[in-house]
Amino acid sequence: MIAKLIEEEILKEVSEAQKEGLLPSDIKLRFQVEPPKVKEHGDYATNLALSLAGQAGKNPRELAQWFAEKFATRGDLFEKVEVAGPGFINFFIAKAYWQQVPRVIEARGKDYGRVEVGGGRKVQVEFVSANPTGPLHIGHGRGAAVGDTLSRLLSFAGFQVEKEYYVNDVGRQMKILGRSVYLRARELAGEKIDFPEDHYRGEYIREIARDLLEKEPSFLDLPEEEAIEKAKDFALQVILSGIKKDLEDFGVTYDHWFSEKSLYEGNYVEKALSFLKEKGLLYEKDGAVWFRAKDFGDEKDRVVIRATGEPTYFASDIAYHYHKFFVRNYDLVVDIWGADHHGYVPRLKAVIQAFGLPKEKLEVLLIQMVNLLEGGKLKSMSTRAGEFVTLRELLEEVGKDATRFIFLTRRADSPLDFDVELAKKQSRENPVYYVQYAHARLASLFRKAKEAGFEDPSAQGADLALLDTPEDFNLLKLLDYFPDTIEACVTKLEPHLLTFYLLDLATALHDYYTKHRFLSEDQPRTRARLVLAKAVKQVLATGLELLGVSAPERM
RNA sequence: GCGCCCGUAGCUCAACUGGAUAGAGCGUUGGACUUCGAAUCCAAAGGCUGGAGGUUCGAGUCCUCCCGGGCGCGCCA
């Protein structure tokens, strides 16, 4: 938060400098305020003067000096402001500023960390959207963890968020699913079947066939086409409710389950395509209908209607995004896909621009692969053969908290090794317990404090100036930085930053714990430290909640 | 062949989008519990950021070319 205050000071003084003629009025303001790597350089530093010097034709150090003197008048914020190196301005924050942080946290409670970057804008996050042809596997789990946590963060940051799962319930895959179940049913009825290679071979298909036969023993008597259709509908419903259940148990719920089929039933494919056609962005060639993707930066034009008259998957996607932007009017749409779809991004971005929208309205997040390890060695997975670790198995073996947390310990776009053995371990190697332990430790501390007669310590009347050791300041600074972390997660769409932040905060707390005692004979100090502890506990709890991970009182 | 992503300590990863002396964890070695939870902490060792150029006050970060890896390049989804 202090960084925000510094930025405000900078903006104020820059316009002052312009008034005085020190800086030209048409400068491009680009600067950063960030904690320097070296302690000696202060709590925060800015490159302001360096970035302005060139434009103003001034010496950066002289410029920095001018600003430093202005900033120094804010004694309530800064203990010292100095010019260093080529023209950095280093800020040493006043102790009193840090020490009032727990007071702010106490006042805002669960809302501490909320930032208003969203401004009520309507954003849709679409994630997982796996074909409903089988259970979710470990890779989908990663997408779910990232999408759900990002959604929680966006809503915490003032966006109006809607979470959506796109159900691909039409097309060839669905037909194959129906046939797969139908053939297994005939097999169960005693027939010898030569099961096709490209059909779904998982054991779950047999189970669905068995259930269907039990429910409707006569369904095999139907004409084949009709039976397959019935098998498809039944399988879709069974698989989809399984997916829903898995996600719920993973802590993920959706606002909408959006059916691809409904795009056709509502004539949105037609509407979207004629919208493009009116703009002259479709043409016919070789009997097919093409979209002029190349005009908007894609490698080549793309087919939307095949020569057979059937629309492509891409046509559905055009209609789907038409629906997102023109029917539901989202201000921002975030699509979360597997990284293997990255080649698809330019195509869809082209569509957005063809719609006449700025391409920033669509953000595509690519989730890299998950490699499953068991005790350090790679376990191979093959979806087609029906051999994979399902999200369900992972939940049962590892648990929700560890699974979600581990999925968020990497940037989404870098591949992740998931070691099941390690994820089950309750040790330092497993980062989730490190953070949860910090929270449980504090909970235990408050139980002890209560016994010692410190009932619900409040900042009111506490002397927070007693928080004056290096470890106190370490914690106070991190607490102050929490809202900045939330903002960074949201503006960069990188939820993993929160995970790293929580690990830092837990480290600082554990460090404090071994160096200092919270409870002592010194009543005022005990009181101040308990206020600090309460603030840390609050932030840990808020952070874990955003990750969808529990914050235990005991473990 | 073309396009996108990646290459940072022995291993797994950070580095706040161009900032000052590149940081953590694991592993290794050595230490810390009669006191609020040792699922913890402290210390040491470990680096030419794959390589070579370039851009500027300043490069792990931007540009070019190599080397090595992943993924895409359908009238599939």
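Naming: A, B, ... by sequence-line order, numbering from 1 per chain. Remember, it's a predicted structure, so these values are computed and weren't measured experimentally.
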Colleague: Evaluate the ring planes of A/Tyr344 and A/His341, with Trp represented by its six-membered ring, and classify them as parallel (under 30°), tilted (30 to 60°) or perpendicular (over 60°).
Modeller: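 The arrangement is perpendicular - the two ring planes meet at more than 60°.
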
Colleague: Is there a Watson-Crick or G-U wobble partner for B/U35 with both distances under 3.5 Å, and which nucleotide is it?
Modeller: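 Per the H-bond distance test, none.
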
Colleague: In whole angstrom, give me the gap between the C1' atoms of B/A14 and B/U61.
Modeller: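 Rounded to whole Å, the distance is 13 Å.
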
Colleague: From B/C76, B/U40, B/G37, pick the nucleotide closest to the side chain of A/Met555?
Modeller: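 Nearest to the side chain of A/Met555 among the choices is B/G37.
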
Colleague: Just to confirm, is there a sub-4.0 Å distance from OP1 or OP2 of B/A38 to any side-chain nitrogen or oxygen of A/Arg441?
Modeller: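 Answer is yes, contact under 4.0 Å.
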
Colleague: Using the ring of each side chain (for Trp, its six-membered ring), is A/Phe291 parallel, tilted or perpendicular to A/Phe296, with breaks at 30° and 60°?
Modeller: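 If you compare the ring of A/Phe291 with that of A/Phe296, the planes turn out parallel.
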
Colleague: At under 4.0 Å between heavy atoms, what does A/His510 touch on the DNA or RNA strands: base, sugar-phosphate, or nothing?
Modeller: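 Here A/His510 touches the backbone only, sparing every base.
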
Colleague: Can you find an N or O donor on one side and an acceptor on the other, under 3.5 Å apart, linking the side chain of A/Tyr481 with the base of B/C16?
Modeller: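 Answer yes: a donor N or O sits under 3.5 Å from an acceptor.
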
Colleague: State the pairing partner of B/G72; accept Watson-Crick or G-U wobble contacts with both distances under 3.5 Å, and report none otherwise.
Modeller: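 Looking at the geometry, B/G72 pairs with B/C2.
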
Colleague: OP1, OP2 of B/U35 versus side-chain N and O of A/Arg517: anything below 4.0 Å?
Modeller: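 Answer no for this pair, as no side-chain N or O of A/Arg517 is under 4.0 Å from OP1 or OP2.
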
Colleague: Look at the side-chain N and O atoms of A/Thr514 and state whether any lies under 4.0 Å from the OP1 or OP2 oxygen of B/C41.
Modeller: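 Negative; the distance criterion is not met.
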
Colleague: Is there aromatic stacking of A/Phe88 on B/A20 here, judged by a ring-centre distance under 5.5 Å and a plane angle under 30°?
Modeller: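 Yes, A/Phe88 stacks on the base of B/A20.
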
Colleague: Between A/Lys300 and B/C73, is there a side-chain N or O to OP1/OP2 distance below 4.0 Å?
Modeller: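 No.
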
Colleague: With respect to the side chain of A/Pro36, which nucleotide from B/G37, B/A20, B/G19 is positioned closest?
Modeller: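 Comparing B/G37, B/A20, B/G19 against the side chain of A/Pro36, the answer is B/A20.
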
Colleague: Select base, sugar-phosphate, or nothing to describe what A/Phe314 touches, counting heavy atoms under 4.0 Å on all strands.
Modeller: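 Here A/Phe314 touches no strand at all.
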
Colleague: Closest-nucleotide mapping onto RNA chain B: is A/Asp340 or A/Thr46 further toward the 5' terminus? I mean the 5' end.
Modeller: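 First, find each residue's nearest nucleotide; the 5'-ward one identifies A/Thr46.
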
Colleague: I need the A/Ser129 OG to A/His140 NE2 distance, nearest 0.5 Å.
Modeller: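 A/Ser129 OG to A/His140 NE2: 9.5 Å, rounded to 0.5 Å.
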
Colleague: Is any side-chain nitrogen or oxygen of A/Gln32 closer than 4.0 Å to OP1 or OP2 of B/U17?
Modeller: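 True: A/Gln32 side-chain N/O within range (under 4.0 Å) of B/U17 OP1/OP2.
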
Colleague: Mind checking A/Asp298 for me? I need base, sugar-phosphate or nothing, with any heavy atom below 4.0 Å counting as a touch.
Modeller: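 Result for A/Asp298 = nothing.
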
Colleague: Is there a donor and acceptor pair, one atom on the side chain of A/His342 and one on the base of B/G3, closer than 3.5 Å?
Modeller: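 Result: at least one qualifying N/O pair found.
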
Colleague: Go ahead and name the base partner of B/A59; Watson-Crick or wobble counts if both distances stay under 3.5 Å, otherwise write none.
Modeller: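 For B/A59, the partner nucleotide comes out as none, under the 3.5 Å rule.
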
